[in-house]
Trainee: 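This is the structure, below, for whatever I ask next.
Throughout, numbering of the chain's residues begins at 1 and tracks the sequence. Atoms within a ligand are numbered from 1 in the order they appear, just like the ligands themselves. Keep in mind it's a predicted model, so treat the numbers as computed, not measured.
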Amino acid sequence: MSILVTGGAGYIGSHTCLELISAGYEIVVIDNLCNSKLESLKRVSELAKKDFKFYNGDLLDEKTVEKVFFENNIDAVIHFAGLKAVNESITIPLQYYHNNITGTLILCQIMQKYNVKNVIFSSSANVYGIPKNAPVTEESPLKPTNPYGRTKLIIEGILSDLYISDHNWSISLLRYFNPIGAHESGKIGEDPNTNPNNLMPYINQVAIGKREKVNVFGKDYNTHDGTGIRDYIHVVDLAKGHLKALERVLQTTGIDVFNLGTGVGYSVIDLIKSYENITSQKIPYIFTERRAGDIDRCYADVTKAKEILGWQATKNLSDMCYDSWNWQKNNHNGYTE
Ligand code: NAD
Ligand code: WQD
C-alpha cells in the first residue's frame, strides 16, 4: 500500500511519515521545502530504518505532481502541504489562497486522472473562527476570521463537491486543534523557519536561552487564570489519528470530518507551569496586550473521532512539554547543524 504524503517534510507530516512506515505502509513524499528541511526526512528514514522516495517539488507545478503519480502506484494521499501562519496570511492573502487552494486543485485533478480517490486533508480548528461554545463539535458554525482559515474552509468545500460529483471518492477532513510536542526520540520536532508565532516553539526558545521571556497575550480572558485556553495535542497522537483515518478512507467511500484534539483545554499559564515542572527549566514571562483575533477558549469535542475512527489522544500535557523540550535541547538550532 503506497501513500503519498504532501508536505511530508513539515512538522506534522514528518511525524506522520514515521508512523506510516512503522505501520508497514510504503510512502512517497512531495514537499517544496518552503517551510521545512530535508534533514527532517533523513531523520525519519534513520528512525524507521527504511528509505522512501522524496520529490522536492511544488504542488503548484502540475508536471511534477503528474510525475509523482506516473512513477508510483499511489493508493491514497495525506495532504499536509500548505502555508499555515495566520498573521502572515493576513499580510499576503493572495499567496495563501494561491498556494493552498490552487495546490489542492492541481493535486485533486491529477488524483482524478490517475483514479486515486482516497484523501485525508489537514484542516484546522481555525475554520470555527470564534466559537460560541466549548467544546466545539464538528457541527459548530464555520466562520474563519482570517485568510488562512478561509483557505481551509474553501478546500473542505472543494473536497465535499468532489464527493458529490463522484461517490467513489473517500475523504477525511481532519480539523486539528493545537499540535505541540515531538517524537520521543528527540530526533524530529517543530523547527519554525522564522520567529515562532505559536506558544510552544516560543517557550522552547526561552528555555534554551534564545529569548528572554514569553509574552503572555492578555490576562483578562474569561478563564480560570485570565489567559487563553486551548486544546493542545501531542503531535504523535495526531499522527496516529491519520493512520486511523487512513484505514477508514481505504475501506469506505464518503466524506467525513473529525476534530482531532484531546478534548481538554489548558491555559497559557497552565502550559508554562507544566513545562517548568516537567523540564525543571525556568520560563520567565510577562503579560502583554491581547493578540488581535485571539479568543477566550477553544477545545474540541472529540466524541466523533473516538466513536467512528476508534482514535483518542493518549498523551497528557506533561508528555507534550517533556517531548517539546527534549527535541529542543537536543537540537538547539532545529535541523540546522
Ligand atoms: P509545516 O509548515 O511544518 O508543513 C507544511 C509543509 O508543506 C512544509 O514542509 C512546506 O514546505 C510544505 N509546502 C507548503 N506549500 C507547499 C507546496 N505548494 N508544495 C509542496 N510543499 C509545500 O506545517 P505543519 O504544522 O506540519 O502543518 C501541516 C498541515 O496541517 C498544514 O496544512 C497546516 O495548515 C495544517 N495545520 C497545522 C496546525 C499547526 O498548528 N501546526 C494546526 C492545524 C492545521
Ligand atoms: C495559543 C495561546 C495565545 C504565543 C494557531 C492557529 C490555529 C492552529 C494552531 C493552524 C493563545 C497564547 C501565543 C505567545 C501567548 N494552526 N500565546 N504568547 O492561536 O490557538 O492557534 O495555531 O491551523 O489555526 O490560529 O495558537 O500557539 O499561537 O496560541 O500568550 O507568544 O497562547 O494568545 O491563547 P492559536 P498559539
Trainee: Parallel, tilted or perpendicular, judged at 30° and 60°: which one describes the rings of Tyr148 and Tyr96?
Mentor: perpendicular
Trainee: Does ligand 2 have an atom under 4.0 Å from some heavy atom of Tyr232?
Mentor: yes
Trainee: Distance to 0.1 Å, residue and atom name: give those for the protein heavy atom nearest to atom 27 (O) of ligand 1.
Mentor: Ile12 CD1, 3.7 Å
Trainee: I need the minimum non-hydrogen distance between Ala207 and Tyr275, along with the two atoms involved.
Mentor: CB-OH, 3.4 Å
Trainee: Does Tyr299 have Arg230 sitting over its ring (NZ/CZ under 6.0 Å from centre, angle to axis within 45°)?
Mentor: no
Trainee: Just wondering, do Phe121 and Ser172 contact through their side chains at under 4.5 Å, heavy atoms?
Mentor: no
Trainee: Considering only heavy atoms of Val86, which atoms of ligand 2 have at least one such atom less than 4.0 Å away?
Mentor: 6 (C), 25 (O)
Trainee: As an exercise, identify every atom of ligand 1 less than 4.0 angstrom from a heavy atom of Ser122.
Mentor: 29 (C), 30 (O), 32 (O), 35 (C)
Trainee: Can you list the ligand 2 atoms lying under 4.0 Å from a non-hydrogen atom of Gly228?
Mentor: 34 (O)
Trainee: Which atom names give the shortest non-hydrogen contact between Pro179 and Tyr176, and what distance separates them?
Mentor: CG-CB, 4.4 Å
Trainee: Could you tell me which atoms of ligand 2, counted from 1 in the order shown, lie closer than 4.0 angstrom to a heavy atom of Asn215?
Mentor: 14 (C), 15 (C), 18 (N), 30 (O), 31 (O)
Trainee: Taking the side chain as C-beta and beyond, is there a heavy-atom pair between Val29 and Leu41 under 4.5 Å?
Mentor: yes
Trainee: Is any NZ, NE, NH1 or NH2 atom of the basic residue among Lys240 and Asp237 found under 4.0 Å from an Asp or Glu carboxylate oxygen of the other?
Mentor: no
Trainee: Using a strict cut-off of less than 4.0 Å between a Lys/Arg side-chain nitrogen and an Asp/Glu carboxylate oxygen, indicate whether Glu26 and Lys50 qualify as a salt bridge.
Mentor: yes
Trainee: Going by the closest heavy atom to atom 33 (O) of ligand 2, which one wins out of Asp294, Asn197, Asp296?
Mentor: Asp294
Trainee: Which atoms from ligand 1 have a heavy atom of Cys34 less than 4.0 Å away?
Mentor: 10 (C), 11 (O), 13 (N), 14 (C), 15 (N)
Trainee: Tell me, which protein residue and heavy-atom name are nearest atom 19 (N) of ligand 1, and how many Å apart are they?
Mentor: Leu59 N, 3.0 Å
Trainee: Can you list the ligand 2 atoms lying under 4.0 Å from a non-hydrogen atom of Ser124?
Mentor: 10 (C), 23 (O), 24 (O)
Trainee: Any link between Phe258 and Leu162 through a network of hydrophobic side chains (Ile, Leu, Val, Met, Phe, Trp, Tyr) touching at under 4.5 Å?
Mentor: no
Trainee: Considering non-hydrogen atoms of the protein only, which is the closest contact for atom 26 (O) of ligand 2, and what is the distance?
Mentor: Asn178 ND2, 3.2 Å
Trainee: Return the closest protein heavy atom for atom 25 (O) of ligand 1 as residue, atom name and distance.
Mentor: Lys84 NZ, 2.8 Å
Trainee: Report yes if some N/O of Val216 lies less than 3.5 Å from some N/O of ligand 2; otherwise report no.
Mentor: no
Trainee: Look at ligand 1 and say whether Pro179 reaches it with a heavy atom at a distance under 4.0 Å.
Mentor: yes
Trainee: Can you tell which of Phe80, Phe121, Tyr55, Tyr148 gets a heavy atom nearest to atom 28 (C) of ligand 1?
Mentor: Phe80
Trainee: Out of Gly8, Ala9, Ser123, Gly57, who is nearest to atom 44 (C) of ligand 1 when you count heavy atoms only?
Mentor: Ser123
Trainee: Given 3.5 Å as the limit, does a donor-acceptor pair link the side chain of His15 with the main chain of His183, or not?
Mentor: yes
Trainee: Considering Tyr202, Phe217, Tyr176, which one's heavy-atom position lies nearest to atom 4 (C) of ligand 2?
Mentor: Phe217
Trainee: What atoms of ligand 1 come closer than 4.0 angstrom to any heavy atom of Asn35?
Mentor: 1 (P), 2 (O), 10 (C), 11 (O)
Trainee: May I ask you to say whether Lys273 pairs ionically with Glu276, meaning some side-chain N is under 4.0 Å from a carboxylate O?
Mentor: yes
Trainee: Between Tyr97 and Arg150, does the side-chain contact (heavy atoms from CB on, under 4.5 Å) criterion hold? Intermediate values first, please.
Mentor: CA-CA 8 Å; Tyr97 284 113; Arg150 278 189 277 275; 3.4 Å; yes
Trainee: Side-chain contact, heavy-atom cut-off 4.5 Å: Tyr128 with Ile295?
Mentor: no
Trainee: At the 4.0 Å heavy-atom cut-off, does Tyr148 count as touching ligand 2?
Mentor: yes
Trainee: Any idea which part of Val268 is under 4.0 Å from ligand 2, heavy-atom wise: side chain, backbone, both or neither?
Mentor: side chain
Trainee: Treat each ILVMFWY residue as a node, draw an edge where side-chain heavy atoms are under 4.5 Å apart, and state whether Leu174 and Val302 are in one component.
Mentor: no
Trainee: Any idea which part of Ile229 is under 4.0 Å from ligand 2, heavy-atom wise: side chain, backbone, both or neither?
Mentor: neither
Trainee: Evaluate the ring-ring contact (aromatic ring centres under 6.0 Å, His included) criterion for residues Tyr335 and Trp327: first the C-alpha distance (whole Å), next the side-chain angles of each, then the deciding distance (0.1 Å), finally the verdict.
Mentor: CA-CA 10 Å; Tyr335 291 115; Trp327 149 253; 4.9 Å; yes
Trainee: What is the closest protein heavy atom to atom 3 (O) of ligand 1, and at what distance does it sit?
Mentor: Tyr11 N, 2.8 Å
Trainee: Counting heavy atoms only, which of Asn100, Asp58, Asp31, Leu60 comes nearest to atom 10 (C) of ligand 1?
Mentor: Asp31
Trainee: Considering the options Asp58, Asn56, Thr6, which one meets the side-chain hydrogen bond (donor to acceptor under 3.5 Å, both in side chains) requirement together with Asn32?
Mentor: Asp58
Trainee: Treating His242 as the side-chain partner and Leu238 as the backbone partner, does any N or O pair qualify as donor plus acceptor under 3.5 Å?
Mentor: yes
Trainee: Is the closest N or O pair between Lys84 and ligand 2 shorter than 3.5 Å?
Mentor: no
Trainee: Can you name the atoms of ligand 1, numbered from 1 with element, that are less than 4.0 Å from a heavy atom of Leu33?
Mentor: 11 (O)
Trainee: Given Asp191, Ile180, Asn32, which has its nearest heavy atom closest to atom 21 (N) of ligand 1?
Mentor: Asn32
Trainee: Specify the closest pair of heavy atoms between Val119 and Val249, including all atoms of both residues, with the distance to one decimal.
Mentor: N-CG1, 3.9 Å
Trainee: Give a yes/no verdict on whether any heavy atom in Asn99 is under 4.0 Å from an atom of ligand 1.
Mentor: yes
Trainee: Note the single closest protein heavy atom to atom 5 (C) of ligand 1, along with its residue, its atom name and the distance in Å.
Mentor: Gly82 O, 3.8 Å
Trainee: Below 4.0 angstrom, N of the basic side chain to O of the carboxylate: do Arg290 and Asp220 qualify?
Mentor: yes
Trainee: Which option, Ile180, Asn198, Thr145, Thr223, owns the non-hydrogen atom nearest atom 5 (C) of ligand 2?
Mentor: Asn198
Trainee: Within a distance under 4.0 Å of any heavy atom of Asn126, pick out the atoms of ligand 2 and give their elements.
Mentor: 6 (C), 7 (C), 24 (O), 25 (O)
Trainee: Which residue owns the protein heavy atom closest to atom 4 (O) of ligand 1, what's the atom, and how far is it?
Mentor: Gly10 CA, 3.4 Å
Trainee: Give yes if a backbone or side-chain nitrogen or oxygen of Leu199 is under 3.5 Å from a nitrogen or oxygen of ligand 2, and no if not.
Mentor: yes
Trainee: Mind checking whether Lys152 has a heavy atom under 4.0 Å from ligand 1?
Mentor: yes
Trainee: Starting from atom 20 (O) of ligand 2, find the nearest protein heavy-atom neighbour and note its residue, name and distance.
Mentor: Arg230 NE, 2.6 Å
Trainee: Looking only at protein heavy atoms, which one is nearest to atom 19 (O) of ligand 2, and how far off is it?
Mentor: Arg291 NH2, 2.8 Å
Trainee: Out of curiosity, Ile255 CD1 to Leu173 CG, how far, rounded to the nearest 0.5 Å?
Mentor: 4.5 Å
